Every structure is written in C-alpha cells, then in structure tokens.
Amino acid sequence: MPTLDVSELNIVIAVLGAFIIAYGFISVKIKQVWYLGEALPAVVIGIILGPISAKFLDAEKWGSAEEGQQEAITLGLCRIVIGVQLVIAGFQLPAKYQKANWREMALCLLPVMTIMWICTSLCVLITVPKISFLAALVIGSCVTCTDPILSQAVAKGPFADKYVPRALREIISSEAGANDGFGFPFLLLATYLIRHAELDHVKFKEGASELAHRAVSILKREEGVGRLGGGVAKAMEQWIVEGWLYIIIMSVAIGAVVGFGSMYAIKFALRKKWIDCESFLLWPMAVGLFLIGICGALGTDDLLACFVAGNAMNWNGLYLEEAEKRHDEVNGCFDVILNFGGFMYIGTIIPWKEFHLPEETGITIGRLIILGLLVLVFRRIPAIFISYKLMPRCVKDWKEALFMGYFGPIGIGAVFYVEHTRHLFPKQGTALTDEEDHLTSAMIPVVYFLVIFSIVVHGLSIPALNAFYVYKKIPPISEAEPAEIRILSDTQALPNNAYSNPKRNSVIMHNRFSRPMSMAPRGPGLQQWYSGRDRDRSRDRESSDTLVTHPQEMGYAEKLDHLRRYGGGVI
C-alpha cells in the first residue's frame, strides 16, 4: 500500500527543486533587471522555511538527528560549495593572470588583508562586550576575507557587465578567490597566542586551584585545544610551521601540482581526442571535489588549493579557450545550483535567539547593528584607499577604489571559518578561562549576523547603484572591439551591455569578463564607466583613440557599419 513519506530528505529535495523552478521562471528579471542575484532570494526562502518561521526545514533533524551534527553538516557543505566554485573562478581568469599581476595580488593578500583584519577586530572589540583583544582578533579573522561567491557575483554580474572595467572585475575576482584561503594565518595567529599564553599570567575561572588547571591543561594537550602554555615564542613557532609551511605552502603546492597536471592531461587528451565533451566540462568540479577530499584528509587549506588549481589548469589558456568553443554552460549551472543550496541552507541555520542575550553574553540587536555598520565602513574601504595607488593597472582612481572597497561582502566563507574555529577551542562552557568561554559564546552570533547583514546590504546595493547610474544617465562601457559569440537560441535573453547581430546569428558583448585568447581585443578600447566629464584622460590615451557610440543608440545602417569596422572577435 502507498504510504505518505514526509521524510527530511524528501522535503529538502522538493523545496530546493520548487525554489529553482520558481526562481528560474523569472530569472532574467531577477538578475538583469532587479540585479538581485541568487544569494539574497535563497537566504530569504531559507529563513521563511527554517525552524524559526515555518519550521519546514530543520538541519538538526537531518541524518541521524544527533546533537551537534549540524556543525559538521555546515562545515562540510561550505567546503563543497566554496571549493568547487573557486576552481571555476580560477580558470575563468585570463591565462597567466597571477604571474602578470603578482604585485597587485601580493598587495591585496598581505598588507591589505592585515589592515582589514586589524580594523575588523577593533570594530568587534568596541561593540561586543566581555571579550578580550585576542578573542576579537579570532572573530575578526573569520570575517576578514571577502566572500568568493558573493564577490564573483559582483565581478561577473549583469551590473558589472555594464559599468565596471574589466581590469577592476578581474582583480576583485582574483583577490576574493585567493584571500579566502589566506584567512587561515590570521585565524591561527590569534588562536595560538591564546592557546600558548604563559599559564602564570592566565586568569583561570574561580573555584579551582592553579595546580588543577595545570593538570587539566596537560590532559588537553592530547586534544590539541585549551591552554597549553609555552608563551609567544611557542605560538610563533606553531604559527610559522603549522600555519604557513604546512597549511598555506603545502596547499599551494598541492593545488599547483593538480592544476598543472590537469593542464597537461587535458592538452594531451584533446590532441588524442580521448576526452568527450561531458568529461571535459566536468573536469573543474572533479578537481574541486578531489582537492576538498585530499586536503581535508591532510588537514591543509582546501580552499586555497582549489583556487590555485583553477588558475594552473588554465595557465596556457587552453581550457577556457576550449570551453568557450564548446559553449560551456555546465560550470555556470554548477555555480547557480551551489549558490541556491548553500545560501538557502544558511538561511535555515541562522541563530536568531543568540542575537539578543544581554544577560548571558551582553550581545544585543542594537550592538550588532552598530557592528555591522562599522564593519561596512572600516573593514575594507580604508585598506583599499591606502593602497590603490600602488596598483594603477587594476584600480585607476578613487571611484574604482571605493567600489572595490565597498563591495567586499561577507558570506559562506565566514560561515566556514567560524565553524572551523569551533574545533580550535573547547566547547562552549567547558573552557578553563572566561576568555575562551566569552569567545565561543560570542563568535557564532557575531559572524552569522555579519553574514546576514552583508548579504542584505550588498545584495540591495547593486540595484540602488544601478538606479543611481540610470538617473545620472551614465553610459555603459563600450569597446572598440567587443566580443562576438554565436547565439544558440532566438529565445535566449541577451546579456546586459550586448546586442544581437541577426545577419551573423551572433551576439556582440561589451566588457565581457571571461575572454579566451582568441577573443581578446587587439587593444583595450574601453570608455570610462563613469561620466565623460570625470574621465581619466591618461586612461583614455591608453585606450583606442576612437570613441565608439553605444550600439543601442544606433540605427540599423549604423549598426551594420559598426560591425564592419569594429566587430572583430573570433567566433
């Protein structure tokens, strides 16, 4: 007899499928007209259907429904969502991008991230009560990195197609992919300074003798958490050996070996015609899953390894070139499905009750809102403004620096870091010191609130900025030699900042992000993305001397003439 099986698996699958269908029905409106992307709608649906509202989705009931399993599920999901997308983000950058822009990347990953870490930690220290400076550094490290998923949406989205120069888009995408893995040194430095603090100067909880605390600390050594002593020298030794040599350097090496190995394997397989289209397009996802598993088993930085592998895989430009020839939509679909699932899940696990516990943790909604505003202003903008003149090839002036500084969203990457931090400290309420207890009780609500705050604020900022540009009548970017791609269907919606050429059955795209070598223009030919009155004349001189009228303002005869004169991209 048929029976009603309302299991958690059936519910989750049905809800995810229904959301994808509903979203997909008006996806062009959502992305290209309203500029909302996938993250904000998915989080809202997760909140509505989560245990606080409709009580329809509850991660605590999944699997065996054992206590504490949600943390493991969250960490595993975040690793998969971020890791796979970082491989995709890596191969979509131009060939040898990291070699050509190593100075800008070094600047973004070392001094800029350090300033971001310190500024964010100070904001946390000011607004969150009861925590120490070292505890604030731990929390600050969780949200220092710009989220690679939300940043890709900013760098590659429809708004960026119209108004953000390609050089700026590329550095935002590359920085977000790399710095998510570079957050570990900051997290580990603060963690080791707490863990290896001199026991003589540690203030233990009342009710136990110092000798007892020392004995418990010795037992804790087996678990690798708690107060281990040793002082600053021991902390720095662990930080260099474990944090940099093992986690960072080894992750880069693993990613490079897998990435370059993939590059040569793909080149050989294509020459021999051994690899079919499906396997070729699935390669980045397979690399991501492989690295997540290998690096997870070794205890290294799987996120950094995935991004390095993505860059190395397209080091000679062959993978992106061949993917474009095969009209790759597979990896874009992976991006979307992972965003849907990941952000909907985030919406269901938000710890709403911990956002206002004035008597227990001292955290209140008011404090968190103030913290969100402070982080929005001081976390990234000052660091970019201090350093943007040192990377003139990517960031030309203060307006582009403001855009890059403002759009450094906090998302699933921060959730990954805070869930990973749970394993570095004793469980909440079991620590030997109040410092650790206050840290473990504050880091979850603080980080999750900043994630939700950033998703909402940055998600709504793009529509607001687009409305401002439309009001100011700022023209979209035009190129002397735009990319031309073959259109696959007459019913397919055109990308923003593009127009069709029915005679050639193609689409002419200005300011296209991922452009393989065969589609690269012979010259930059970019107009500024702000008003002509404020244009940087030196940048114009570097571009084509011919300013191209935007195709949407042309008549039919002018469009044909424009195609004959400037249509050069290879189909």
Side-chain angles (χ1 to χ4, degrees), residues 8-54 56-59 62 70 73-89 92 147-159 176-177 180 281-282 284-285 288-289 292 303 306 328-350 409-416 419 448 451-452 454-456 458-460 462-463 493:
E8 291 295 321
L9 177 62
N10 291 336
I11 291 174
V12 170
I13 293 175
V15 169
L16 181 60
F19 173 71
I20 294 175
I21 292 171
Y23 181 97
F25 184 72
I26 55 171
S27 55
V28 172
K29 286 284 187 182
I30 295 174
K31 292 182 179 181
Q32 296 184 210
V33 179
W34 304 333
Y35 297 100
L36 291 178
E38 298 103 8
L40 184 57
V43 168
V44 171
I45 293 298
I47 293 173
I48 294 173
L49 300 179
I52 300 299
S53 184
F56 204 60
L57 297 176
D58 189 353
W62 294 0
Q70 181 176 303
I73 293 174
T74 304
L75 184 59
L77 180 67
C78 290
R79 291 175 61 206
I80 294 174
V81 170
I82 302 173
V84 172
Q85 296 203 55
L86 284 179
V87 178
I88 298 173
Q92 289 180 341
D147 186 73
I149 299 174
L150 296 177
S151 294
Q152 301 305 320
V154 171
K156 303 175 185 176
F159 176 84
D180 209 60
L281 298 178
L282 284 172
M285 184 175 188
L289 295 176
I292 291 168
L303 305 187
C306 287
D328 176 23
E329 298 292 342
V330 173
N331 289 291
C333 292
F334 281 143
D335 264 340
V336 173
I337 192 68
L338 290 172
N339 287 344
F340 284 151
F343 284 103
M344 187 183 295
Y345 177 80
I346 296 299
T348 65
I349 63 171
I350 299 171
I410 303 169
I412 293 183
V415 175
F416 164 81
E419 294 297 340
Y448 273 88
V451 169
I452 297 303
S454 178
I455 290 174
V456 173
H458 288 108
L460 297 177
I462 290 293

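Computed from a prediction, not measured in an experiment: that's the story for all the values here.
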Student: Do you know the tightest heavy-atom contact between Val87 and Gly288?
Tutor: CG2-CA, 3.7 Å

Student: OG1/Thr348 to CD/Gln70 distance, rounded to the nearest 0.5 angstrom?
Tutor: 7.0 Å

Student: On a heavy-atom basis, which atom in Asp180 and which in Gly413 lie closest, and how many Å separate them?
Tutor: OD1-CA, 3.9 Å

Student: With sequence neighbours excluded, what pairs up with Val28 under the side chain to side chain contact (heavy atoms under 4.5 Å, CB included) test?
Tutor: Gln32, Ala493

Student: Classify the ring geometry of Phe159 against Tyr35: parallel below 30°, tilted from 30° to 60°, perpendicular beyond 60°.
Tutor: perpendicular

Student: Of all residues at least two apart in sequence or in a different chain, which pass the side chain to side chain contact (heavy atoms under 4.5 Å, CB included) check with Val330?
Tutor: Leu281, Leu282, Asp328, Phe334

Student: Work out which heavy atom in Ile412 is nearest to a heavy atom in Ile346; give both atom names and the distance.
Tutor: CG1-CG1, 4.2 Å

Student: Applying side chain to side chain contact (heavy atoms under 4.5 Å, CB included), can you list everything that pairs with Ile47, at least two apart in sequence or on another chain?
Tutor: Val43, Ile350, Trp352

Student: How would you list all residue pairs meeting salt bridge (Lys or Arg N to Asp or Glu O under 4.0 Å) that involve residues 40-49, not counting sequence neighbours?
Tutor: none

Student: Show your working on side chain to side chain contact (heavy atoms under 4.5 Å, CB included) between Leu49 and Phe19 and close with a plain yes or no.
Tutor: CA-CA 11 Å; Leu49 300 179; Phe19 173 71; over 6 Å; no

Student: Applying side-chain hydrogen bond (donor to acceptor under 3.5 Å, both in side chains), name anything that partners Glu38, two or more places apart in sequence or on another chain.
Tutor: Lys31, Asn339

Student: Under the salt bridge (Lys or Arg N to Asp or Glu O under 4.0 Å) definition, can you give me all pairs with a residue in residues 75-85, not counting sequence neighbours?
Tutor: Arg79-Asp302

